[in-house]
Amino acid sequence: QVQLVESGGGLVQAGGSLRLSCTASGRTFGDYVGWFRQVPGKEREFVVRISWATGSTTYADSVKGRFTISRDTAKNTMYLEMNNLKPEDTAVYYCAAPLYTRNNRWTADSWGQGAQVTVSP
């Protein structure tokens, strides 16, 4: 199955920006890829997905207008550009593939190792 490697986490002040990268090897055996995030003691939260074939996107309401997902098909890489970051965005961010719905929520079969994003007030 697909293997995912992430980079780009870090510490920023509120209002700042970060860019995460996720490079895949192997087949996803599906079309949708995307990003989730998780804070300690809470369940993993869907952030955004993108269709690899068409580029169509779906964002969680909490990040609409601030985060942008993109993909580079030649590099087999997807990105998450995070702008106007807020302290509540602090989490470990995971890229994931392939995405699908189970029990009316998005999940995935393969996950990146996680990238810590910390936003200070």
Side-chain angles (χ1 to χ4, degrees):
Q1 201 71 11
V2 63
Q3 294 179 325
L4 305 172
V5 179
E6 301 180 41
S7 63
L11 173 65
V12 298
Q13 292 182 329
S17 300
L18 281 175
R19 187 191 194 211
L20 305 180
S21 299
C22 176
T23 298
S25 60
R27 289 186 173 183
T28 65
F29 300 106
D31 182 49
Y32 295 138
V33 300
W35 296 86
F36 294 72
R37 65 187 182 186
Q38 188 169 27
V39 300
K42 295 187 177 181
E43 65 181 357
R44 196 162 295 186
E45 175 190 16
F46 168 79
V47 176
V48 61
R49 69 164 175 86
I50 186 169
S51 166
W52 196 261
T54 70
S56 65
T57 57
T58 300
Y59 293 86
D61 289 340
S62 59
V63 304
K64 283 182 179 177
R66 300 188 299 118
F67 291 12
T68 303
I69 189 172
S70 61
R71 85 270 197 250
D72 185 331
T73 57
K75 296 180 179 180
N76 210 29
T77 299
M78 61 175 156
Y79 307 93
L80 184 64
E81 296 181 354
M82 301 179 290
N83 299 313
N84 191 25
L85 282 161
K86 304 175 180 180
E88 52 262 44
D89 295 317
T90 295
V92 178
Y93 284 71
Y94 299 90
C95 58
L99 271 64
Y100 56 92
T101 54
R102 176 171 290 173
N103 296 325
N104 206 34
R105 61 176 291 178
W106 286 102
T107 189
D109 288 334
S110 298
W111 303 86
Q113 80 276 18
Q116 177 68 51
V117 173
T118 302
V119 184
S120 62

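Reckoned from all heavy atoms, side chains included, excluding hydrogens, waters and symmetry mates.
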Rounded distance (nearest 0.5 Å) linking atom [atom1] of [X] with atom [atom2] of [Y]:
X: Thr101; Y: Phe46; atom1: OG1; atom2: CZ; result: 11.0 Å
X: Arg102; Y: Thr107; atom1: CZ; atom2: OG1; result: 6.5 Å
X: Arg19; Y: Met82; atom1: CZ; atom2: CE; result: 11.0 Å

Cluster link Ile69 to Tyr93, ILVMFWY, side chain under 4.5 Å: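 Yes, one cluster joins them.
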Test log, rule side-chain contact (heavy atoms from CB on, under 4.5 Å), inputs Arg71 and Thr73: CA-CA 6 Å; Arg71 85 270 197 250; Thr73 57; 4.2 Å; yes
Distance-only polar pair, side chains of Thr118 and Thr90, donor-acceptor under 3.5 Å: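 No donor-acceptor contact under 3.5 Å links the two side chains.
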Considering all heavy atoms, the nearest [X]-[Y] contact:
X: Pro121; Y: Pro87; answer: CA-CG, 4.1 Å
X: Pro98; Y: Gly30; answer: CB-CA, 3.8 Å
X: Val2; Y: Ala24; answer: CG2-CB, 3.7 Å

Aromatic centroids of Trp106 and Tyr32 separated by under 6.0 Å: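 So the answer is yes for these two rings.
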Greater than 12 external heavy atoms within 6.0 Å of Glu88's CD: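 Atom CD in Glu88 is packed in, count exceeds 12.
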Gln113 CD: over 12 foreign heavy atoms closer than 6.0 Å: yes
Full working for side-chain contact (heavy atoms from CB on, under 4.5 Å) between Tyr100 and Asp109: CA-CA 9 Å; Tyr100 56 92; Asp109 288 334; 2.6 Å; yes
Charged N-O contact under 4.0 Å between Asp89 and Lys86: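 Looking at Asp89 and Lys86, the cut-off is not met.
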Main-chain N/O of [Y] paired with [X] side-chain donor or acceptor, under 3.5 Å:
X: Glu6; Y: Cys95; value: yes
X: Asp31; Y: Ala53; value: yes
X: Thr77; Y: Lys75; value: yes

Would you indicate whether the side-chain heavy atoms of [Y] and [X] approach each other to under 4.5 Å?
X: Val117; Y: Leu20; result: yes
X: Asn76; Y: Trp52; result: yes
X: Val63; Y: Arg37; result: yes
X: Asp72; Y: Tyr79; result: yes

Within 45° cone and under 6.0 Å: Arg44 NZ/CZ vs Phe36 ring: no
